[in-house]
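Residue numbers begin at 1 in each chain, while the letters A, B, ... track the order of the sequences.
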Amino acid sequence: MPLRFHNTLTQQTEPFLPARDNTVRMYTCGPTVYDFAHIGNFRTFTFVDLLRKVLRLNGFALNHVMNITDVDDKIIRNAVARRQSIADFTTTYTQAFLDDCATLRLERPERLSKATEHIDDMVRAIGDLGAKGHTYTTEGSVYYKIATFPEYGKLSHNDFSGNLAGARVDVDTYEKNDARDFALWKAPKEGEPFWDAGIGPGRPGWHIECSVMAIKYLGETLDIHAGGIDLVFPHHENEIAQSEALTGKQFARFWLHAEFLLVEGQKMSKSLGNFYTLRDLVGRGYAPEAIRYLLISVPYRKQLNFTLDGLKAAVIAIERLRNFKLRLETDRFAEGLNEALAGRTAQAAEAFRDGLDDDLNTAEALAAVFELVRDLNTAMDAGEFRAGNVAAALDFLKVFDSVFDVLTPTAKAGELSDADVDARIAERAAAKKAKNFALADEIRNQLLEQGIVLEDTKAGVRWKRK
RNA sequence: GGCGCGGUAGCCAAGUGGUAAGGCCAGGGUCUGCAAAACCCUCAUUCGUCGGUUCGAUUCCGACCCGCGCCUCCA
């Protein structure tokens with residue numbers, strides 16, 4: 001089966017191919033850098049990373065732009081509270097975000113694009129929209145006139161033909177002609193930063209940056225636009241209104257949205273005490289790979305219930321996979337090739353790919369992995385596994401890890417070097433040979449305290465970092 | 001009220017019109033100097049509830065109940 005994605009626009013799962021050549025032009029909504037990102041944010045960013053890796057696995061090249069929103073109301077509020085300049089404040093949290101992404105092993109998009117570096121582009125776009133009759137100005141702020149875009153609502157599948165019965169209305173409504181209209185350019189309030197770029201002093205509205213930067217770097221029609229599901233309305237709907245009014249072309253062919261994350265079955269909130277940043281969890285000793293695994297293992301269109309128990313289960317599941325890999329690398333197998341097992345491995349690799357290609361069904365893909373692990377372990381125990389089967393099994397793990405990226409432990413400070421470990425193992429071997437099991441066990445325990453786990457096998461001692 | 005997602009074993013979770021993947025936990029066993037690792041066995045006659053369609057539904061249709069999201073800044 002070909003690669004397919006669920007498209008929010010059509011509400012269908014559709015085969016995916018880039019529109020032109022072999023490159024996927026993709027835009028994803030990045031962070032607003034007003035604080036440390038939380039685990040819910042990272043559910044979405046991890047989904048985007050998964051998307052990148054599956055696209056690459058399918059042989060596509062990537063041109064991916066992610067925005068950094070570095071000017072908005074919350075940023076201004078928090079920076080003022082800290083008595084920091086906007087620039088200093090956002091630099092701090094942008095760097096924190098990038099560090100967190102690295103911790104979670106998220107690939108950098110081909111381009112990170114900051115809103116404040118594209119003010120002129122935005123002003124120009126707002127001018128163009130005005131020239132086409134899509135805007136009006138009230139008290140120095142420029143608004144988009146939704147009535148001029150009949151298709152408004154096509155992404156979120158809202159019917160705006162009638163009144164917005166029951167919808168809550170923004171407090172600034174009196175400045176707008178229609179509750180749906182939104183600000184392209186906001187006149188500055190007292191003490192707020194502003195740019196004077198030809199349409200009066202002010203700062204850009206939130207939505208315009210994405211339209212402008214996406215079109216600038218990726219062209220008028222994107223292959224994929226992705227983000228969290230809460231952005232469907234109004235953010236992405238507004239992006240469509242702006243972009244399509246500007247270009248007359250379809251803005252994005254595929255819209256992908258990641259579902260929400262709950263913590264212990266409840267909405268994450270500071271008042272419930274279940275609000276986690278990545279730093280909180282790593283600080284409590286949870287391995288970043290386990291967090292990554294948990295975030296990625298639940299298919300992205302399903303709400304993810306993030307729990308500490310789930311995190312512990314993830315740690316153990318990863319360990320099992322690492323043990324399997326270590327066994328492949330260290331056990332001695334009889335020469336030859338077991339044809340049946342070779343076929344089994346190839347079949348698992350196909351099932352893994354099929355799962356991912358089916359709208360990133362990671363649960364399905366993981367099942368294929370664990371079934372193979374069990375079958376090959378069983379074969380090893382039974383002495384049926386052959387030296388000639390090792391390479392294909394390791395290749396399979398390599399493909400798995402090119403997507404999941406959890407097999408390599410995160411390095412910790414102050415670890416013993418490989419040489420130190422080998423020296424201690426030699427001491428222990430001597431003790432064992434002399435039947436001095438007390439000393440052998442003592443050495444093993446000492447190493448364990450330093451995060452080194454020893455295993456005696458028929459092929460000799462092997463070790464791993466815990 | 002409108003739009004959308006979901007309710008499958010203790011927990012996480014896949015899935016199909018033909019009788020329930022996978023992971024974790026738990027109990028028992030094999031192996032081992034002891035461990036570790038690994039494997040084996042057990043662990044949902046049942047898929048929110050009630051109806052309907054069907055030879056047959058967890059899977060299709062309808063109603064209802066419950067959880068969550070968006071409709072206002074929000075991953």
**Asked** With centres under 5.5 Å and planes under 30° as the test, does A:Phe42 stack with B:A75?
**Response** no

**Request:** Tell me the partner of B:U16, counting only Watson-Crick (N1-N3 plus N6-O4 or O6-N4) or G-U wobble (N1-O2 and O6-N3) with both under 3.5 Å; none if nothing fits.
**Result:** none

**Message:** Stacking between A:Phe437 and B:G33, defined as ring centres under 5.5 angstrom apart with planes under 30°, is that present or not?
**Reply:** yes

**Request:** Could you measure between the two C1' atoms, the one in B:C31 and the one in B:C41, and give it in whole Å?
**Result:** 16 Å

**Message:** Does the structure show a Watson-Crick or G-U wobble partner for B:G69, both distances under 3.5 Å? Name it, or say none.
**Reply:** B:C3

**Request:** For each nucleotide in nucleotides 20-25 of chain B, reading 5' to 3', give B when a protein heavy atom comes within less than 4.0 Å of its base, S when such contact involves only the sugar-phosphate, and - otherwise.
**Result:** -BSSSS

**Message:** Distance check, rounded to the nearest 0.5 Å: A:Phe437 atom CZ versus A:Arg428 atom CZ?
**Reply:** 9.5 Å

**Prompt:** Just how far, in rounded Å, is P of B:A35 from CD1 of A:Ile425?
**Reply:** 20 Å

**Separation between the C1' atoms of B:A20 and B:A44, rounded to whole Å** = 8 Å

**Asked** Per the atom types in the model, does the base of B:G2 pair as donor or acceptor with the side chain of A:Asp159 at under 3.5 Å?
**Response** no

**Prompt:** In the structure shown, which nucleotide is the Watson-Crick or G-U wobble counterpart of B:G10, with both distances under 3.5 Å?
**Reply:** B:C24

**Message:** With side-chain hydrogen bond (donor to acceptor under 3.5 Å, both in side chains) as the test, pick out the partner of A:Arg203 among A:Asp72, A:Thr116, A:Asp73.
**Reply:** A:Asp73

**Message:** Can you measure A:Leu294 atom CG to B:C11 atom C1' for me and round it to whole angstrom units?
**Reply:** 12 Å

**Base partner of B:G51, which must satisfy Watson-Crick or wobble distances under 3.5 Å** = B:C61

**Prompt:** With rounding to whole Å, what would you report as the distance between B:G27 and B:G69 at their C1' atoms?
**Reply:** 40 Å

**Prompt:** On a whole-Å scale, what distance lies between the P atoms belonging to B:U46 and B:A36?
**Reply:** 37 Å

**Message:** Can you check the distance between B:C11 and B:C60, where both ends of the measurement are the C1' atom (answer in whole Å)?
**Reply:** 31 Å

**Request:** Rounded off to whole Å, could you give me the OH-to-P distance for the A:Tyr300 and B:G6 pair?
**Result:** 12 Å

**Asked** Whole Å only: how far is the CZ atom of A:Phe306 from the P atom of B:A75?
**Response** 17 Å

**Prompt:** With rounding to whole Å, what would you report as the distance between B:C3 and B:A13 at their C1' atoms?
**Reply:** 27 Å

**Request:** Please state how far atom CD in A:Gln303 lies from atom P in B:U8, giving the value in whole angstrom units.
**Result:** 13 Å

**Sub-4.5 Å side-chain heavy-atom contact between A:Leu372 and A:Phe370** = no

**Gap in Å between the two P atoms, one belonging to B:C61 and one to B:U54, rounded** = 16 Å

**Item:** hbond_proxy A:Asp72 side chain to B:C73 base (donor-acceptor, 3.5 Å cutoff)
**Value:** no

**Request:** Give a yes/no verdict on a cation-pi contact between A:Lys74 and A:Tyr34, requiring under 6.0 Å between NZ or CZ and the six-membered ring centre and an angle within 45° of the axis.
**Result:** yes

**Request:** Whole angstrom is fine here: how far is it from CG in A:Leu360 over to C1' in B:A13?
**Result:** 16 Å

**Prompt:** Paired with B:U32: which nucleotide, if any, by Watson-Crick or G-U wobble criteria at under 3.5 Å for both distances?
**Reply:** none

**Message:** Between the base of B:C5 and the side chain of A:Arg301, is there a donor and acceptor pair under 3.5 angstrom?
**Reply:** no

**Request:** Using whole Å, report how far CD of A:Glu442 lies from P of B:C34.
**Result:** 20 Å

**Message:** Does A:Gln11 reach a base, just sugar-phosphate, or nothing at all? Heavy atoms under 4.0 Å.
**Reply:** sugar-phosphate

**Request:** Can you tell me the distance, in whole Å, between the CZ atom of A:Arg327 and the P atom of B:A36?
**Result:** 16 Å

**Message:** Can you see if the side chain of A:Lys302 gets near the phosphate of B:G7 - specifically, an N or O under 4.0 Å from OP1 or OP2?
**Reply:** yes

